[in-house]
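Quick note: residue numbers are just sequence positions, from 1.
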Amino acid sequence: MLEDKRKAEPKVHQQSSEAQVKDRIFFMDASNQSLTAIPPEILALKELEEVYLENNHIEEISQDIQHLRNMRTLYLDRNNLRGLCPELGTLSNLQRLDLSGNPLAAASLPVLAGLRALRELRLYRLNLGELPAVVCKNLHHLELLGLSGNCLESLPKELVNQLKLREIYLQQNQFKVFPPELCVLYNLEVIDLDDNKLRALPEEIGDLTKLQKFYVARNQLPSLPRSLCQCSKLTVLDLSYNLLESLPCAVGKLMGMTEIGLSGNHLEKVPRLVCRWPELHLLYLHNTGLRGLRRSFQRLLHLRFLDLSQNHLDHFPAQICVLRNLEALALDDNKIGQLPSKLGLLSKLKILGLSGNEFLSFPEEIFSLASLEKLYIGQDQGSKLACVPEQIGKLQSLKELHIENNSLEYLPVALGAMPKLEVLDCRHNLLKQLPDEICKAQGLRELLLEDNLLTRLPKDLDSLENLQVLTLMNNPMEAPPVKVCAEGNEAVWRYLRKSRNERLNATKIQAWWRGIMVRKGLGKFEELLKARKKGKTSPKDKKGKKDEKQKPGKGNKK
């Protein structure tokens, strides 16, 4: 339901304010251009300092790369490089290099040992079984080393030379043992070891007193070392999806904690020490066996993001209503059947997840959340909602409404009066028709309607100029027909425009015919239709017949 934006491996195009000075070009962005080689025109620009060539089809680096002596940044990730030319190692001023996502042979990497000024080296997703020791031995200025998405089981001992290293990313490798080399790199601030096979953390982890962010999610850790409390600058700790049943009390001394991930562990209760972290902003407790919250939970007044989804909560914890700074709350897949009247106290709440609970009817307490932008109340499990009240229109800030997997037969007209609505997910319901007012929701970008009972669309649906995604699969469509719907949005729009033109032409013909009747003195068109329906002639026809009776015929007697 909620995106995990806790972590990023930074790589920013740092273009100077003056990319070009007196015909001297310092910056060149040729990414996403389907290039198969580095253009000679770029290799001829000897003043270049930053070159971005990512996401192309480049197969080799020309030896002319050696002419770019001033280059400080070179991004060649997501290409088709199979090797590195020796000339690359002569770029003595290069500080940032990204070779990620290439089919590079490990045997070509020693060339990098010549890049003595290198500060950032990214080698993600290269299928590396080992990192050449010569790279670690010769590069003494590295501050960031990215090795995520490889097959590493260990790091070379020469890594201890990287005394300036501040960030290391080792996510999605094969480490079974915490690399001991890391414990002597005292300047480390970020360690990412997510998605490995670690079974323990060493006590020496406490020597990393400058550590600020530590990611060890999706490992096999049954416990934490007490020495972790010595990492006094630690602010972000992700322990999600391990084998933890509790946290050591000593960790409670980390008073600077702003984010902690505990999802997927067998906790059953919120660790008491978590409630002692006053600066906590993000707390992940998804699938931890919780049945309630501690009373002290209400101390977390700075909490902005709270994930309590997939637990055993049978009521909405009252402590949450005290958290006035909360912006995102996930309670999906619990057993909640009612919301508190004080829900409106969460005046800053923008994202609310309630999918898969036990609501017998749409919880109207939601309508007091004036700042709400995203609402998830699809019921893939739990009770099905039969309707959405018209009061949904009170949520004027709402951008996304996810009401899939319910038993809705109709949608509220009020949706058309919600100017910020961008995504409407009504999949897997019992909708037989859409309100015409939906055509007034001009902000709509996505309208998901698959697996319903719809036979036709509103005639002016193509007036939604921002609509990019329309799904109609598994509906008994007649207008447009199923065949047209299967061809995509453009085919649907053409059908609707054609139908509207046909209706317009029919109206013009009808108006023309009415005009003829009126001009001939046959009375108003509406009166003629009314008379015909009753099987009678027009008033003028009756008058004519009456006059005929009064006229003497040939065989009439006077």
Side-chain angles (χ1 to χ4, degrees), residues 8-106 108-126 128 131-132 135 138-150 164-167 169:
E9 297 160 2
K11 185 180 77 171
V12 181
H13 289 197
Q14 301 173 350
Q15 183 176 6
S16 58
S17 57
E18 297 256 352
Q20 191 168 334
V21 181
K22 295 181 180 179
D23 296 328
R24 296 169 62 192
I25 300 175
F26 298 98
F27 173 91
M28 180 63 68
D29 187 352
S31 56
N32 307 297
Q33 300 296 317
S34 299
L35 301 174
T36 56
I38 302 177
E41 295 83 359
I42 291 179
L43 297 172
L45 299 172
K46 297 183 179 181
E47 303 294 335
L48 272 178
E49 295 181 359
E50 299 182 28
V51 183
Y52 301 97
L53 291 160
E54 63 263 41
N55 200 26
N56 281 293
H57 306 294
I58 299 171
E59 298 181 355
E60 64 177 3
I61 300 174
S62 169
Q63 62 181 11
D64 291 338
I65 195 80
Q66 63 185 313
H67 300 312
L68 303 182
R69 296 287 185 180
N70 295 316
M71 189 156 56
R72 294 182 299 171
T73 299
L74 176 59
Y75 289 157
L76 278 162
D77 49 302
R78 291 167 290 160
N79 277 282
N80 295 325
L81 296 174
R82 297 187 176 277
L84 302 176
C85 63
E87 290 77 12
L88 180 65
T90 65
L91 301 178
S92 58
N93 289 309
L94 193 63
Q95 297 180 10
R96 289 178 290 274
L97 176 63
D98 192 345
L99 296 169
S100 306
N102 281 284
L104 274 175
S108 64
L109 294 182
V111 168
L112 304 179
L115 303 174
R116 302 300 180 94
L118 208 59
R119 295 185 179 181
E120 297 180 9
L121 176 59
R122 294 176 172 86
L123 300 172
Y124 303 122
R125 303 178 303 281
L126 296 184
L128 295 177
L131 181 66
V135 173
N138 290 5
L139 304 182
H140 300 295
H141 297 283
L142 276 183
E143 298 177 5
L144 182 151
L145 178 58
L147 294 167
S148 297
N150 285 291
K164 293 184 179 181
L165 198 64
R166 294 186 298 107
E167 303 177 37
Y169 297 94

What distance do [X] atom [atom1] and [Y] atom [atom2] have between them, rounded to the nearest 0.5 Å?
{"X": "L43", "Y": "L48", "atom1": "CG", "atom2": "CG", "result": "9.0 Å"}
{"X": "Q95", "Y": "R116", "atom1": "CD", "atom2": "CZ", "result": "15.5 Å"}
{"X": "L88", "Y": "L115", "atom1": "CG", "atom2": "CG", "result": "5.5 Å"}
{"X": "L131", "Y": "L145", "atom1": "CG", "atom2": "CG", "result": "6.5 Å"}
{"X": "L94", "Y": "T73", "atom1": "CG", "atom2": "OG1", "result": "7.0 Å"}
{"X": "L121", "Y": "L144", "atom1": "CG", "atom2": "CG", "result": "8.5 Å"}

Please answer whether the main-chain N or O of [Y] pairs with a side-chain N or O of [X] as donor and acceptor at a distance below 3.5 Å.
{"X": "N55", "Y": "S31", "answer": "no"}
{"X": "N93", "Y": "A117", "answer": "no"}
{"X": "D77", "Y": "Y124", "answer": "no"}
{"X": "R69", "Y": "T90", "answer": "yes"}
{"X": "Q66", "Y": "D64", "answer": "no"}
{"X": "N70", "Y": "E49", "answer": "no"}

Name of the residue among D98, N56, I58 meeting side chain to side chain contact (heavy atoms under 4.5 Å, CB included) with L76 | I58
Applying side-chain contact (heavy atoms from CB on, under 4.5 Å), name anything that partners P39, two or more places apart in sequence or on another chain.
-> L35, E41, I42
Among all residues two or more places apart in sequence or in another chain, which pass the side-chain contact (heavy atoms from CB on, under 4.5 Å) test with N150?
-> L126, L128, L147, L152, N173
Go through the steps to decide whether I38 and S62 satisfy the test side-chain contact (heavy atoms from CB on, under 4.5 Å), and finish with yes or no.
-> CA-CA 7 Å; I38 302 177; S62 169; 5.7 Å; no
Residue pair [X] / [Y]: nearest heavy atoms and the distance that separates them:
{"X": "M71", "Y": "V51", "answer": "SD-CG2, 3.4 Å"}
{"X": "V111", "Y": "C85", "answer": "CG1-O, 3.5 Å"}
{"X": "P132", "Y": "A106", "answer": "CG-O, 4.0 Å"}

Is there a side-chain hydrogen bond (donor to acceptor under 3.5 Å, both in side chains) between Y52 and E54 once you walk through the steps?
-> CA-CA 6 Å; Y52 301 97; E54 63 263 41; over 6 Å; no
Classify the side-chain pair K46/H67 by whether it contains a donor and acceptor separated by less than 3.5 Å.
-> no
Hey, are the side chains of E50 and Y75 touching, using non-hydrogen atoms and a 4.5 Å cut-off?
-> no
Heavy atoms, side chains only, cut-off 4.5 Å: are L84 and L99 in contact?
-> yes
If you look only at pairs with a residue in residues 140-150, which of them pass as a salt bridge (Lys or Arg N to Asp or Glu O under 4.0 Å), with sequence neighbours excluded?
-> E143-R166
